[in-house]
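Report on the structure given below.
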Amino acid sequence: MIHRPRRLRKNSIVRDMVAEVRFNRDMLIYPYFIEKGKNIISPISAMPGINHFSTDTLVKDVEKGLKKGINKILLFGGGEAKSAEGKSAYKKDTVVADAIKLLKKNFKDDIYIITDVCLCAYTDHGHCGIIKDGHVHNDSSVEAIAKMALTHAEAGADMVAPSDMMDGRVGAIRSLLDDKGFEETAIMSYSIKFASSYYGPFREAADSAPQFGDRKSYQMDFRNPDEAMKEAWLDESEGADVLMVKPALAYLDIITHLRANTHLPVACYNVSGEYSMVKAAAAKGWIDEKSVVMENMHAFARAGCNLIITYHARDIVEKGW
Ligand code: PBG
Ligand code: ZN
């Protein structure tokens, strides 16, 4: 026998030596849910290990994470007044804006702050845009979304991440930010965001489930890999700095295809439902959590991701997985 692949699997030294894909913690971005109030750490039942924080407890938790090397976070806000047009999303003193200011005051540029930009936690109907004539109206939604991004930039966000899937929002955000002197604020676009049932636990956490209909008129149809590349190309041409695929596990083919078709960094969002499935099976003793999580992280890296947004990030660094 000439070829014996097992020679290079003999022990962990040689296996580590020939490993083709390496995962490291610099790739990780950790999401946070922030709400109004003080001294709040309230568990999200469908996402074991993930909590809602008020800004004061957030600062303490971020400090803990920073010590372990979690220095990139993604902020989600909520708890503001909900209205048809989601106007509270772009108030100057949303809980997200307050959190950004407080974190930057405490940690300066030791923490890299990314903010989710979308209206669904601020509209009373729970859609990601403004409703006109019974449907989600693109251009007025884009205007509101760009204003929201601006308030985050003004508060000191390093990067804004629009997750609404309206057409043209990356370009609108880029030009508003540039007009107002925030040309250094980066944009990570949720470029290829599929209408997915894996967002269920998140919608409970963010109180952002649509009150009627679904998100299929703006989020992508999971049957369409070519259209996915078109979405990514549009965002790239509108000035996105990072492109994201979401969800991650069920869309590894899309990640690989995107990696081959862009010069930008590619991020994936390992979403709430993907996290909760692992947690639930692990709690039942049906899978080994650490091994499954690290297998998934390597799958993202192998597929071509440069960045991984995941609720598992804290376990990975704190437990030294
Ligand atoms: C809001 C938003 C969602 C997620 C991130 N931003 C939910 C949705 O679009 O319904 C999902 C995150 C997750 O499931 O972890 N537009
Ligand atoms: Zn939304």
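Indexing begins at 1, ligand by ligand and atom by atom, following the structure's order. Just so it is clear, the structure is predicted and the values come from calculations on it, not from any experiment.
Taking 4.0 Å as the cut-off between side-chain N and carboxylate O, D158 and K72 do not count as a salt-bridged pair. Taking the charged nitrogens against the carboxylate oxygens, D221 and K216 have no contact shorter than 4.0 Å, which rules out a salt bridge.
Heavy atoms of M165 stay at 4.0 angstrom or farther from ligand 1. Taking 4.0 Å as the cut-off, R215 counts as a neighbour of ligand 1 on heavy-atom distance.
With ligand atoms numbered from 1 in the order given, ligand 1 contributes 8 (C), 9 (O) to contacts under 4.0 Å with heavy atoms of Q219. Residue contact check: Y269 has heavy atoms under 4.0 Å from atoms 12 (C), 15 (O) of ligand 1. Per-residue contacts place V271 under 4.0 angstrom from the following atoms of ligand 1 (heavy atoms of the residue considered): 13 (C), 14 (O), 15 (O). The contact set between ligand 1 and C118, taken as ligand atoms under 4.0 Å from a residue heavy atom, comprises 16 (N). Taking a cut-off of under 4.0 Å to the non-hydrogen atoms of F76, the atoms of ligand 1 that pass are 5 (C), 6 (N).
Taking the Zn ion (ligand 2) as the corner point, the angle from C118 atom SG to C128 atom SG is about 100° (rounded to 10 degrees).
At the top of the distance list for atom 15 (O) of ligand 1, counting protein heavy atoms only, stands Y311 OH, 2.6 Å. In this structure, the protein non-hydrogen atom closest to atom 14 (O) of ligand 1 is S272 OG, 2.7 Å. For atom 10 (O) of ligand 1, the closest heavy atom belonging to the protein is R203 NE, 2.6 Å. Distance from atom 9 (O) of ligand 1 to its nearest protein heavy atom, with residue and atom name: K193 NZ, 2.6 Å. Protein heavy atom closest to atom 5 (C) of ligand 1, with residue, atom name and distance, is K246 NZ, 2.6 Å.
The closest donor-acceptor contact from the side chain of S54 to the backbone of I40 lies under 3.5 Å. Side-chain atoms of T262 never come within 3.5 Å of backbone atoms of R259 as a donor-acceptor pair (strictly under, hydrogens ignored). A distance-only check finds a donor-acceptor pair linking the side chain of S141 to the backbone of H137 [under 3.5 Å].
Of all heavy-atom pairs between F194 and P247, the closest is CB-CD, 4.3 Å.
Under 4.0 angstrom from ligand 1, there are no non-hydrogen atoms of D164. With a heavy-atom cut-off of 4.0 Å, S163 touches ligand 1 through backbone and side chain alike. Looking at C120 against ligand 1, only its side chain comes within 4.0 Å, counting heavy atoms. Heavy atoms of Y275 found under 4.0 angstrom from ligand 1: none, in either backbone or side chain.
Annotation: cation-pi pair K193/Y199 present, NZ/CZ under 6.0 Å from the ring centroid and within 45° of its normal.
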Salt bridge (charged side-chain N to carboxylate O under 4.0 Å, His left out) assessment of E238 paired with R174
CA-CA 8 Å; E238 288 173 31; R174 186 71 277 153; over 6 Å; no

Could you walk me through whether K279 and D315 pass salt bridge (charged side-chain N to carboxylate O under 4.0 Å, His left out), step by step?
CA-CA 12 Å; K279 283 285 184 183; D315 279 340; 3.1 Å; yes

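Considering backbone and side-chain N/O atoms, S208 never comes within less than 3.5 Å of an N/O atom of ligand 1.
Note on ring orientation: taking the six-membered ring where Trp is involved, the planes of F33 and F76 are parallel (angle under 30°, cut-offs 30° and 60°).
Two residues are said to be in side-chain contact when any heavy atoms from C-beta on lie closer than 4.5 Å; M166 and V136 meet this criterion.
For H127 and F212, the gap between ring centers is short of 6.0 Å.
Taking backbone and side chain together, H127 holds no N, O or S atom under 2.8 Å from the Zn ion (ligand 2).
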